[in-house]
Amino acid sequence: MAMTITEKILAKSAGKKAVRPGENIWLNVDVLMTHDVCGPPTIQIWKKEFGENAKIWDKNKLVIFPDHYIFTADKHANRNVDILRQFANEYSVENYYDVGTERYKGVCHIALAEEGYNIPGTVLIGTDSHTCTSGAFGMFATGVGNTDAAFILGTGKIWEKVPESMKFTFDGNLPSYLTAKDLILYILGDITTDGATYRAMEFDGQAVYDLSMDERMTLTNMAIEGGGMNGIIKADAVTEAYLKERTNKKYEIFESDADAKYHSTYRYNANELEPVVAKPHSPDNRDTVRKVQGTKLTKCYIGSCTGGKLSDFVNAAKILMGKEVKVPTFIVPASTTVAGELETIDISGISLKDIFTNAGCEIAQSSCAACLGGPADTVGRSVDHDVVISTTNRNFPGRMGSKKSEVYLASPLTVAASAVTGKITDPRDYL
Amino acid sequence: MEKIILGKAYVLGNNIDTDQIIPAEHLVYSLSDEEESKKYGHFALSGAPLPEAGLPGGGKPFITGDNYLSEYSIIIGGSNFGCGSSREHAPFALQKAGAKAIIAESYARIFYRNSVDGGFVLPMESENKLNDIIKTGDEVELNLTDYTLKRIADNKVFQLKHPGDVLPIIEAGGVFDYARKTGMIV
Ligand code: SF4
């Protein structure tokens, strides 16, 4: 029976020869990831349900990254990190990356990739909707809530309805003024925020396989913005090269059969696309940058799991080099690794960090920061009637702080060009 | 599982995301401490922009004053209810505020799972769009034997969808009770 890559991975995880969309199956989970917002309640439910002698099904498969509310004086937020720390100690959880130590990593989805937890052909479940990011590695990755996570913590299992797959193919070469963010915003504009609900979003085509792992993660990260259960890109030589540097775990590469059945297929020619934004207040509210150019801004933000990777900063630096920003511009590296790379990676001999500092940007510590608003003292948080352009993934009302603010989502190139003028600006004017 | 749920309706639009249901800044309170967790009820739906809160007309907050309980127990939504983050705090907040059921055209996957697996609120799908027919404040009766919603004022009955494969989990009261019932865990 012909199957898609998602169906094949789910079949393997469920111990079946084949699965069909719509079928309910129990999966064996390879990695469970949680963080400071959902970890504490997950632990609490696990203890309540499995009793005082609750056992973690497999300690090596549990990974915990505090990342959401980190650099804040909020006492409740800090209590959450305390709970994680105590849990990790009590149960000797090795894969715990504590704040305030050398092990601190930053945003979970990027840290998972960097630390070698993303393994092709496996199943990764996380207590965060953007867990779909890991699908860039040819694996099944999806987000769940605390109860499901607590169930996995005790049993290693989760029920899932096999999704139908949608296929998005980008032919041709990606022009220099476009990034993966433009591609996913295109798709969202076409399918809307519930166009992929309960479905797998499979990305394919030359322009996709030409992308670096960083950029591929931007695509899969925002599958959830279309309601997708998972986003997935077949592993290839680019994936293998990335893995080789980070892990020696064995893996199996799956790919969709040529005659696999899809719910729907979309085809784009990358050469014909132009820079786009998602206007307030929805990631599917697409428009071309040209149409909204000139919109006055009060803030620019480059950060988060989808827009704070090394490739995002390299792109932004290409435009910000030797320029000055007109509005407060925040640089928030997704991970401590990326933060380190800002110092070691340069363009024409000037480090990314210097390029940003010289341009007048504020560089913050790695964490989720204002991507989800956060406590009142969060760096870059929107206030009052702020008009923000951001490389993050959600612009729902109040998502970045103030309910009255307006957020435009865009590529790091578009955000950088806009920072230079203080108005929404097409990056083609600066490249 | 109760077979009949009677209550006042609270009506919302499409794409009610989890930041509207419980804004991110409130995700820090304990979910297990009886007293502290009431804050989730207090802030339930506080992220919904006022003009769209309580349709038609809006301007009717789900929670008023210092309360943590809402006068409304049945939420009527449009499509893609609960989209956005994986925060289980969202269905939890609605439950804390006294909501028993949601009736929407469609749900985002994680919110739906969380509602069912945690046994917080009952997510029902309507056959047709109801959020422009039912008004905030209408007395309605949800019948879980024939999956219908009745508007008390004129006895008009609207058909809902059968929950399908997840019904055993709903009837058990959540995924843990379901797993115990079926012998998957002890
Ligand atoms: S950076 Fe933003 S989207 Fe990514 S995990 Fe953190 S809060 Fe979520």
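A, B, ... follow the sequence lines: proteins, then strands. Residue 1 opens every chain.
Of all non-hydrogen atoms in A/Trp26 and B/Tyr178, the two that sit nearest each other are CZ2-CE2, 4.1 Å. Across B/Val28 and A/Arg79, no two heavy atoms sit closer than the pair O-NH2, 3.5 Å. In plain terms, the two heavy atoms of B/Val175 and A/Asp148 that are nearest each other are CG1-OD1, 4.4 Å. Closest approach of A/Gly374 and B/Glu25 over heavy atoms only: O-CB, 3.9 Å. For the residue pair A/Lys403 and B/Gly47, the shortest heavy atom distance occurs at CD-O, 3.6 Å. When all heavy atoms of A/Phe396 and B/Gly84 are compared, the pair lying nearest together is CE1-CA, 3.9 Å.
Taking 4.5 Å as the limit, some side-chain heavy atom of B/Ile169 sits within range of a side-chain heavy atom of A/Trp159. You'll find the side chain of A/Arg394 reaches within 4.5 Å of the side chain of B/Ser85, heavy atoms only.
Ranked by non-hydrogen atom pairs under 4.5 Å with chain B, the options A/Pro41, A/Gly373, A/Gly154, A/Gly227 are led by A/Pro41.
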The test is side-chain contact (heavy atoms from CB on, under 4.5 Å); show your working for A/Ile45 and B/Phe176 and say whether it passes. CA-CA 10 Å; A/Ile45 296 170; B/Phe176 277 100; 3.9 Å; yes
Apply side-chain contact (heavy atoms from CB on, under 4.5 Å) to the pair B/Ser79 and A/Asp194, showing each step before the final yes or no. CA-CA 8 Å; B/Ser79 59; A/Asp194 61 354; 4.0 Å; yes
Could you walk me through whether A/Thr155 and B/Met184 satisfy the side-chain contact (heavy atoms from CB on, under 4.5 Å) test, starting with their C-alpha distance in whole Å, then the side-chain angles of each, then the deciding distance to 0.1 Å, before giving a yes or no? CA-CA 9 Å; A/Thr155 65; B/Met184 220 182 138; 5.5 Å; no
The test is side-chain contact (heavy atoms from CB on, under 4.5 Å); show your working for B/Ser32 and A/Lys48 and say whether it passes. CA-CA 10 Å; B/Ser32 51; A/Lys48 178 176 146 240; over 6 Å; no
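Checking A/Thr142 against B/Arg109 by side-chain atom types alone, a donor-acceptor pair falls below 3.5 Å.
If you measure heavy-atom distances from A/Thr193 to chain B, the contacts under 4.5 Å come from both the backbone and the side chain.
A donor-acceptor pair under 3.5 Å is absent between the side-chain atoms of B/Arg113 and the main chain of A/Glu160, judged by distance alone. One N or O on the side chain of B/Glu88 and one on the backbone of A/Thr147 form a donor-acceptor pair closer than 3.5 Å.
In this structure, B/Tyr29 and A/His76 have perpendicular ring planes: the angle between them is above 60°, well past the 30° mark.
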